[in-house]
Amino acid sequence: GFHPAPGGSSAAGDPMHASGNAFLPWPNDETLRIAAFIGHRLYAKKDGRGDFTVSLEGTPRDVTCYGNLQCEGISGNVNVDGNLECEGIAAGDSVNVGGNLSCEDIAGTVNAGGDIECETVSGHAAAGGNLSCEDIGANASAGGNIECNDIGGNASAGGNIECNDIHGQT
């Protein structure tokens, strides 16, 4: 296991804070990463133990979560392996969710393997399942149905499209 350097825990003797340490498989780039480990292995749903959910308060910048995430908001890019529930994502370039996404407002582009349910997406929105949003600023696509008020670009769906106004092609 991990033992601090003699004389206490310092950044130099702490493998969780050491610069360039091979233990951590990602760069030191100020992104909040949320993961669970079993021993030295990254905990994953494929281990047969189910999912884990993390709840965050505040508004961190750039988040990667290897489980489900519930949060007030995020400022920046978001990558979640499971489901994401949040109030808003501000100033993000991209939001990528492996499962379902439920969020009020997203400033940027969103991709979800499951369903997307939100108020507003300023960029593109792509769902593997159903897509239900009030307004989408650019293109919208879904493997299932699309239900919305306004789409600023093109719309394509494997199911039905119900929308008041589509500015592009269907």
Side-chain angles (χ1 to χ4, degrees), residues 25-27 29-36 42-170:
W26 47 72
D29 59 2
E30 300 302 316
T31 296
L32 172 63
R33 290 183 174 78
I34 304 165
L42 182 63
Y43 176 82
K45 188 174 182 178
K46 68 181 179 193
D47 291 329
R49 293 177 173 92
D51 291 322
F52 69 92
T53 299
V54 173
S55 190
L56 288 178
E57 293 183 8
T59 307
R61 171 145 180 84
D62 296 333
V63 175
T64 296
C65 180
Y66 296 95
N68 300 313
L69 179 61
Q70 297 173 337
C71 61
E72 292 175 6
I74 297 171
S75 173
N77 298 317
V78 183
N79 293 289
V80 176
D81 282 357
N83 298 323
L84 172 61
E85 292 180 35
C86 69
E87 290 180 20
I89 299 171
D93 294 324
S94 66
V95 178
N96 298 294
V97 179
N100 298 321
L101 170 64
S102 177
C103 194
E104 287 185 23
D105 298 311
I106 299 173
T109 295
V110 63
N111 298 290
D115 297 338
I116 297 174
E117 185 176 335
C118 62
E119 290 293 321
T120 304
V121 175
S122 68
H124 302 289
N130 296 318
L131 175 56
S132 176
C133 290
E134 187 65 26
D135 296 307
I136 299 170
N139 297 334
S141 64
N145 300 322
I146 295 178
E147 184 180 332
C148 66
N149 182 48
D150 185 67
I151 296 176
N154 300 329
S156 63
N160 298 320
I161 299 175
E162 293 183 32
C163 189
N164 288 335
D165 196 8
I166 300 172
H167 298 272
Q169 299 177 354
T170 56

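We're numbering straight along the sequence, starting at 1.
The shortest non-hydrogen separation linking P60 to L32 is CB-CD2, 3.9 Å. Across all their heavy atoms, C133 and I116 have their closest contact at SG-CG2, 4.1 Å. The minimum heavy-atom distance between G114 and A127, with the atom names listed, is O-CB, 3.5 Å. Between V121 and G108 the shortest heavy-atom distance is CG1-O, 3.4 Å. Of all heavy-atom pairs spanning E104 and E87, the tightest one is CB-O, 2.8 Å. The two residues A112 and G99 have their closest heavy-atom pair at CB-O, 3.6 Å.
Side-chain atoms of N83 come within 3.5 Å of backbone atoms of N100 as a donor-acceptor pair (strictly under, hydrogens ignored). With N77 contributing its side chain and S94 its backbone, the two residues share a donor-acceptor pair below 3.5 Å. Panel note: side chain D81, backbone G98; no donor-acceptor pair is recorded below 3.5 Å. Between the side chain of E134 and the main chain of T120, no donor-acceptor pair closer than 3.5 Å is present. Counting only distance, with no hydrogens or angles, the side chain of N139 and the backbone of N154 share a donor-acceptor pair below 3.5 Å.
The SG atom of C163 sits 6.5 Å away from atom CG of N149, with the distance rounded to the nearest 0.5 Å. Annotation: the span from E147 atom CD to E162 atom CD amounts to 5.5 Å, rounded to 0.5 Å. With rounding to the nearest 0.5 Å, the separation of CD1 in I151 from CD1 in I166 is 4.5 Å. A distance of 11.0 Å separates CG of N68 from CD1 of I34, quoted to the nearest 0.5 Å. Here the CD-CD distance, from E117 to E119, works out to 9.0 Å after rounding to the nearest 0.5 Å.
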Quick one: do V110 and I89 satisfy side chain to side chain contact (heavy atoms under 4.5 Å, CB included)? Show the steps, please. CA-CA 10 Å; V110 63; I89 299 171; over 6 Å; no

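If you run side-chain contact (heavy atoms from CB on, under 4.5 Å) between L56 and each of C86, C65, C71, only C71 comes through. Checked options N145, D115, I136; the residue passing with L131 is I136 (criterion: side-chain contact (heavy atoms from CB on, under 4.5 Å)).
Using a 4.5 Å heavy-atom cutoff, the side chains of I74 and L69 are in contact.
A donor and an acceptor atom, one from each side chain of N111 and H124, are nowhere located under 3.5 Å apart.
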